[in-house]
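As a basis for the values below, the full set of heavy atoms in this structure was taken, side chains included, without hydrogen atoms, waters or symmetry mates. Letters A, B, ... mirror the listed sequences (proteins, then strands); counts begin at 1.
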Amino acid sequence: MIPAVPPVSHKTIMVYVPIVPGFIMRTSIASVTPDTPTAAVTGWVHEIRDLGGLAFILLRDRTGILQVTIPKKKVPEAVVETVRSLSKESVITVEGTVKAIEKAPGGRELVPERITLVSASESPLPLDVAEKVQAELDTRLDARFLDARRPRVAAIFQIRSRVQRTVHEFLYEREFINITTPKIVAAATEGGTELFPIAYFEKEAFLNQSPQLYKQMMIAAGFDRVFEIGPIFRAEEHNTTKHLNEATSIDVEVSFAGHEEVMQLLEDLVIACYRDVERDCPTQIAAIEYEAFAVPKPGFKRLQYKDAIDIAAPKLDEPIAYGDDLSTAAERAIGEEMGEHYFIVDWPTEIKPYYAMPYEDNPAVSKAFDLMHPRMELSSGAERVHQHDLLRRQIAAKGLNPDNFGFYLSPFRYGMPPHAGWGLGAERLVTTMLGLQNIREAVLFPRDRHRLVP
RNA sequence: GCCCAGGUAGUGUAGUGGCCUAUCAUGUCGGCCUGUCACGCCGACGACUCGGAUUCGAAUUCCGACCUGGGCGCCA
């Protein structure tokens, strides 16, 4: 077990105190200030600048970069020897005196008494961590562990982590129960997308496209409010900057709620994510250099589907009519018009899944919604059908056989409460929040049409 | 799945039939340099995806394969 790191007193940091075997007490780079007297810092060699009698090493860890300054005539000979043989991206421990100095980055530099090579790096490197030359995404993903050493890249995943934490906190505060549902499933019950078939002993199985049906079963179980953040799998052969074959879905389902309530919940959650990132991740936002980062304003507009069509139609070359799904061009045209986050509501029943609730007074329209960012769809949700007979009819209306939906339909026969929910794409949320050009930037190890390793 | 654009040192690039013994940057190695911060300067090293064709001659043209990026479709 790794204990929490205790606060380190500057008097003790020169001493290695093994907390547990194999773990070394060390000082993070961000905690080294101009007032720090001495420090023992372990990190990666980001850059070496050897000026002859004077050399600089930029030492990098997760928290920042520290300049190590080596006046060769004033430091031990062993230090000079070590510096001479150092390769970039090696792991070293530097122990020495901290000097406050204006012209050093961060106003301080470390003058070493001792440098220990912890783990040498080979060269050449598969890509340049210091970003003097750019690398293409393909090259970066092949060497993702090195790519992620770049502060800009690390910042994306620190922010993504912060977003996931906010989602948990936000939902726990509202008494949601965190559930985990199977990713190996028997059949393609939901429809709409291609599934990955897998061999499951002597049976055929699939990777799940969404936890939708399981969420609803736990509503039937009386869990009231459930959520799951987990992987979803889509076997579509798409080749775009906003699709993944393995994505992370933030899925929520709420009992005794209608579509308006869960839309408000979704809006509040998205804003909370932005707000927490703005508050807690200013250095990461700066590292990403996304000037346009902004917390969305509350009160996301509700755009009716039919009005969305009216906005898109005159702007498009291709004709678009009521009842059509929104093409990429249509999505973009509407996004430009709206300019910020918005909902598209009141979708035609026929282009939404069978579990979306039709309006009682107008069954051709459903209580379904999409949450849109001007660049792409982030989430879709609906008030769900909770009446068994209506659900059977809707399944049949989609050309499917309700008799094949036994395990799904059964809960609807034994006291299913009214409920509503949504699924929010975690990668799309991060991609749009940070202005990333490609959704793969928001995934450590993306799975797309061609990439299966690493 | 359809369409478009590509594949040149470790990385990112220039090069549209002979001036290519292939450009530049970065990197690596060697040398010089005590305040760099994309350190600078000198020198060296290192590449045309694969197969076939055209041609006196192919990195360059053509065909095929493989790989990559992007747009569309599908999809969230």
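Nucleic acid contact for A:D251: none, since no nucleic acid atom lies under 4.0 Å from a heavy atom of the residue. Among the protein residues, A:A247 comes within range of the nucleic acid bases, having at least one heavy atom under 4.0 Å from a base atom. The residue A:T241 sits close only to the backbone: its heavy atoms come under 4.0 Å of sugar-phosphate atoms, none of a base. A:L424 comes within 4.0 angstrom of no nucleic acid atom, judged by non-hydrogen atoms across all strands.
Summarising the geometry, the separation between NE2 on A:H243 and P on B:C74 is reported as 10 Å, rounded to the nearest angstrom. Between A:E236 atom CD and B:G1 atom P the separation is 12 Å, expressed in whole Å. Rounded to an integer number of Å, the gap from A:D50 CG to B:G30 P is 11 Å. One interatomic measurement links the two molecules: CD1 of A:I101 to C1' of B:C37, which rounds to 12 Å at whole-angstrom precision. Between A:K73 atom NZ and B:U34 atom C1' the separation is 8 Å, expressed in whole Å. A:L58 places its CG atom 16 Å from the P atom of B:G35, with the value rounded to the nearest Å. Computed from coordinates, the A:E131 CD to B:G27 P distance equals 14 Å when rounded to whole Å. Distance A:I48 CD1 to B:A38 C1': 15 Å, rounded to the nearest Å.
Distance check on atom C1': B:G46 versus B:G30 gives 15 Å, rounded to whole Å. For the P atom pair drawn from B:C24 and B:C45, the interatomic distance equals 13 Å after rounding to whole Å. Only the P atoms considered, B:G12 is 27 Å distant from B:G17, to the nearest whole Å. Comparing the same atom, P, in B:G51 and in B:A58 gives a spacing of 15 Å after rounding to whole Å. Between the P atoms of B:A5 and B:C62, the separation comes to 11 Å (whole Å). Nucleotides B:U13 and B:G18 have their C1' atoms positioned 24 Å apart, rounded to a whole Å. B:A25 and B:C33 are spaced 24 Å apart, taking the P atom of each and rounding to whole Å. For the P atom pair drawn from B:C50 and B:U8, the interatomic distance equals 11 Å after rounding to whole Å.
A heavy atom lying under 4.0 Å from RNA chain B marks the following residues of residues 317-342 of chain A, by number: A:S327, A:T328, A:R332. Contacts between residues 444-452 of chain A and RNA chain B, defined by a heavy-atom separation under 4.0 Å, are made by A:R449, A:H450.
Within the shown strands, B:U61 is the pairing partner of B:A53 under the Watson-Crick or G-U definition, both distances less than 3.5 Å. With a cut-off of 3.5 Å on both Watson-Crick or G-U wobble distances, the partner of B:G46 is given as none. Across all strands shown, B:G1 pairs with B:C72; the Watson-Crick or G-U wobble distances both stay below 3.5 Å. Base pairing annotation: B:U36 forms no Watson-Crick or G-U wobble pair, as no partner gives both donor-acceptor distances under 3.5 Å. In this structure, B:A9 forms no base pair with any nucleotide, since neither Watson-Crick nor G-U wobble geometry is met with both distances under 3.5 Å.
Applying the salt bridge (charged side-chain N to carboxylate O under 4.0 Å, His left out) test to residues at least two apart or on different chains, the pairs with a partner in residues 442-454 of chain A are A:D138-A:R451, A:D142-A:R451, A:E237-A:R449, A:R440-A:D448. Annotation: side-chain hydrogen bond (donor to acceptor under 3.5 Å, both in side chains) contacts involving residues 324-335 of chain A, sequence neighbours excluded, comprise A:K242-A:E331. Sorted pairs that involve residues 117-127 of chain A and meet salt bridge (charged side-chain N to carboxylate O under 4.0 Å, His left out), not counting sequence neighbours, are lacking altogether.
The nearest heavy atom of RNA chain B to A:I232 and to A:G52 marks one nucleotide each, and the one closer to the 5' end goes with A:G52. Taking for each of A:G425 and A:P71 the nucleotide of RNA chain B with the nearest heavy atom, the 5'-most of the two is the partner of A:P71.
A:Y274 pairs by the ring pair (Phe, Tyr, Trp, His ring centres under 6.0 Å) definition with A:F293, A:H341, not counting sequence neighbours. Partners of A:H450 under the ring pair (Phe, Tyr, Trp, His ring centres under 6.0 Å) rule, at least two apart in sequence or in another chain, do not exist in this structure. Under the side chain to side chain contact (heavy atoms under 4.5 Å, CB included) criterion, A:P363 pairs with A:P358, sequence neighbours left out. A search for ring pair (Phe, Tyr, Trp, His ring centres under 6.0 Å) contacts involving A:F56 returns nothing, not counting sequence neighbours. For A:I288, the side chain to side chain contact (heavy atoms under 4.5 Å, CB included) partners two or more places apart in sequence, or in a different chain, are A:R152, A:A155, A:I156, A:I159, A:Y290, A:L434.
The pair A:R302-A:E267 meets the salt-bridge criterion, since a charged nitrogen lies less than 4.0 angstrom from a carboxylate oxygen. Between A:R140 and A:E441 there is a salt bridge, since a side-chain N of the basic residue sits under 4.0 Å from a carboxylate O of the acidic one.
Using a 4.5 Å heavy-atom threshold, the side chains of A:K88 and A:V129 count as separate.
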Exercise for review: Give the C-alpha distance, both sets of side-chain angles, the deciding distance and a yes or no for side-chain contact (heavy atoms from CB on, under 4.5 Å) between A:D61 and A:S28.
Suggested key: CA-CA 7 Å; A:D61 74 5; A:S28 73; 4.1 Å; yes

Exercise for review: Begin from the C-alpha positions of A:C273 and A:M433 and carry the test side-chain contact (heavy atoms from CB on, under 4.5 Å) through to its verdict.
Suggested key: CA-CA 9 Å; A:C273 288; A:M433 175 186 282; 4.1 Å; yes

Just the table, please: protein N/O against nucleotides 11-14 of chain B N/O, every pair under 3.5 Å.
residue : atom : partner : partner atom : Å
B:U11   : O2'  : A:Q134  : O            : 3.0
B:G12   : OP1  : A:E136  : N            : 3.0
B:G12   : OP1  : A:T139  : OG1          : 2.7
B:G12   : O4'  : A:Q134  : O            : 3.0

Check the interface with nucleotides 4-7 of chain B: list each N/O to N/O pair with the protein under 3.5 Å, or write none.
none

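Side-chain proximity of A:Q67 to B:G73, B:G70, B:G35: nearest is B:G35. Nearest to the side chain of A:H238, among B:G70, B:G27, B:C74, sits B:C74. When distances are taken from the side chain of A:R440 to each of B:G73, B:U36, B:G70, the shortest belongs to B:G70.
Between A:Y322 and A:Y305, the distance from one ring center to the other falls under 6.0 angstrom. With ring centers used as reference points, A:H373 lies 6.0 Å or more from A:Y342.
One finds a side-chain N or O of A:K132 lying less than 4.0 angstrom from the OP1 or OP2 phosphate oxygen of B:G27.
In the interface, the side chain of A:E109 is paired with the base of B:G35 through a donor and an acceptor atom under 3.5 Å apart.
Under the 30°/60° scheme for interplanar angles, the aromatic rings of A:F343 and A:F300 are found to be tilted.
Each of A:R162, A:R275, A:R174 was checked for a salt bridge (charged side-chain N to carboxylate O under 4.0 Å, His left out) with A:E169, and the lone residue meeting it is A:R162.
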